[in-house]
Amino acid sequence: MAQHGALTTLKELAEKEVENAALTLGEMRRGCQQAEEQLKMLMDYQLEYQNNLNSDMTQGIASLRWHNYQQFIQTLEKAIEQHRQQLAQWSGKVDMALNVWREKKQRLQAWQTLQDRQAAAVLLAENRLDQKKMDEFAQRATLRKPE
């Protein structure tokens with residue numbers, strides 16, 4: 001009976017670990033999604049800014065303004081590259097968190113399997129004991145019957 005309690009405790013701990021791993025995975029996915037959204041926003045802004053530059057260039061543009069456009073586009077490109085790196089880091093964190101969650105889930109399933117096997121063994125032992133008692137009862141009943 002002590003093993004039954006130990007298995008139950010270990011399974012409950014494994015369930016908590018799976019829940020914690022799932023929460024961590026969710027946080028990593030949210031972070032990754034935010035990084036994707038920020039990157040998309042910067043890229044959209046870059047496209048819009050380049051379209052404005054092209055439009056201004058068709059109408060003629062002063063050299064100072066051209067220089068400002070170029071500097072801003074370079075700054076924007078650096079920010080986009082940094083966000084790409086950040087997105088790659090978040091993707092790595094998501095992959096790691098997913099692997100941890102899978103490992104915890106697999107461990108939980110192992111504990112569940114052990115608990116199921118133990119329950120089946122206990123049930124089999126109880127059934128055998130019941131059968132033995134029934135056999136003994138039937139044997140006594142036959143010995144008591146007058147022929």
Side-chain angles (χ1 to χ4, degrees), residues 1-58 66-147:
M1 201 66 176
Q3 280 185 335
H4 176 70
L7 279 178
T8 301
T9 301
L10 290 170
K11 183 182 162 233
E12 288 170 358
L13 289 173
E15 286 172 345
K16 288 178 186 175
E17 288 179 355
V18 168
E19 288 175 24
N20 291 338
L23 291 173
T24 301
L25 177 59
E27 290 173 13
M28 296 302 116
R29 284 187 172 164
R30 279 189 295 281
C32 188
Q33 184 178 11
Q34 286 175 350
E36 285 176 347
E37 290 169 1
Q38 289 173 350
L39 178 60
K40 184 184 180 317
M41 183 178 69
L42 283 172
M43 292 174 74
D44 289 346
Y45 189 56
Q46 179 188 33
L47 182 62
E48 179 184 334
Y49 205 77
Q50 285 176 341
N51 288 338
N52 288 343
L53 173 62
N54 290 338
S55 174
D56 285 353
M57 286 181 67
T58 58
W66 163 255
H67 183 68
N68 289 342
Y69 266 115
Q70 289 296 86
Q71 283 183 329
F72 185 75
I73 288 175
Q74 287 175 354
T75 304
L76 200 51
E77 286 173 354
K78 287 179 186 176
I80 287 172
E81 183 56 35
Q82 288 174 349
H83 273 76
R84 282 190 174 128
Q85 291 172 359
Q86 186 180 29
L87 180 59
Q89 289 173 350
W90 277 109
S91 294
K93 289 178 182 180
V94 167
D95 290 342
M96 285 176 46
L98 184 58
N99 288 336
V100 168
W101 177 81
R102 285 180 179 151
E103 175 192 321
K104 302 293 183 186
K105 186 73 171 169
Q106 189 176 21
R107 188 173 293 154
L108 172 61
Q109 289 172 339
W111 288 119
Q112 181 63 50
T113 300
L114 286 174
Q115 194 175 34
D116 291 346
R117 286 180 185 166
Q118 184 183 38
V122 167
L123 183 61
L124 181 62
E126 287 175 356
N127 287 343
R128 285 183 178 162
L129 184 60
D130 288 345
Q131 184 63 44
K132 183 178 177 182
K133 287 179 182 177
M134 292 298 286
D135 290 347
E136 288 175 2
F137 179 75
Q139 186 179 17
R140 288 183 192 146
T142 359
L143 291 176
R144 291 184 188 160
K145 274 189 186 176
E147 291 184 30

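As the structure is a prediction and not an experimental result, all values here were calculated from the model.
Using a cutoff of 4.0 Å between basic side-chain nitrogens and carboxylate oxygens, Arg107 and Glu103 are scored as salt-bridged. A salt bridge is defined here as a Lys NZ or Arg NE, NH1 or NH2 lying under 4.0 Å from an Asp or Glu carboxylate O, and Lys16 with Glu12 fails to meet this definition.
Shown here are the side chain to side chain contact (heavy atoms under 4.5 Å, CB included) partners of Lys105, two or more places apart in sequence or in another chain: Val18, Trp101, Gln109. Among residues two or more places apart in sequence or in another chain, the side chain to side chain contact (heavy atoms under 4.5 Å, CB included) test is passed with Met41 by none.
Using a 4.5 Å heavy-atom threshold, the side chains of Gln86 and Gln38 count as touching. Considering only heavy atoms from C-beta on, Leu39 comes within 4.5 Å of Ile80 through its side chain. The shortest distance between side-chain heavy atoms of Leu13 and Trp111 does not fall below 4.5 Å. With a 4.5 Å cut-off on side-chain heavy atoms, Phe137 and Lys133 do not count as touching. Side-chain contact between Leu114 and Gln118 is absent, with no heavy atoms from C-beta onward closer than 4.5 Å. Proximity of Leu108 to Lys104: side-chain heavy atoms (C-beta onward) are nowhere separated by under 4.5 Å.
Contact detail for Val94 and Met28: the closest heavy-atom pair is CG2-O, 3.4 Å.
Using cut-offs of 30° and 60° for the angle between ring planes, the Tyr45 and Phe72 rings count as perpendicular.
Side-chain contact of Tyr69 with Asp56: a donor-acceptor pair under 3.5 Å is present, judged by distance alone. Side-chain contact of Asp116 with Gln112: a donor-acceptor pair under 3.5 Å is present, judged by distance alone. In this model, no donor atom of one side chain and acceptor atom of the other lie less than 3.5 Å apart for Gln139 and Asp135.
The number of heavy-atom neighbours closer than 6.0 Å to CD of Glu81, taken from other residues, nucleotides and ligands shown, is above 12. Counting non-hydrogen atoms of other residues, nucleotides and ligands closer than 6.0 Å to CD of Glu37 gives a total above 12.
Atom CG of Leu25 and atom CG of Asn20 lie 12.5 Å apart (nearest 0.5 Å). Separating the NZ atom in Lys132 from the CG atom in Asn127 is a distance of 15.0 Å, to the nearest 0.5 Å.
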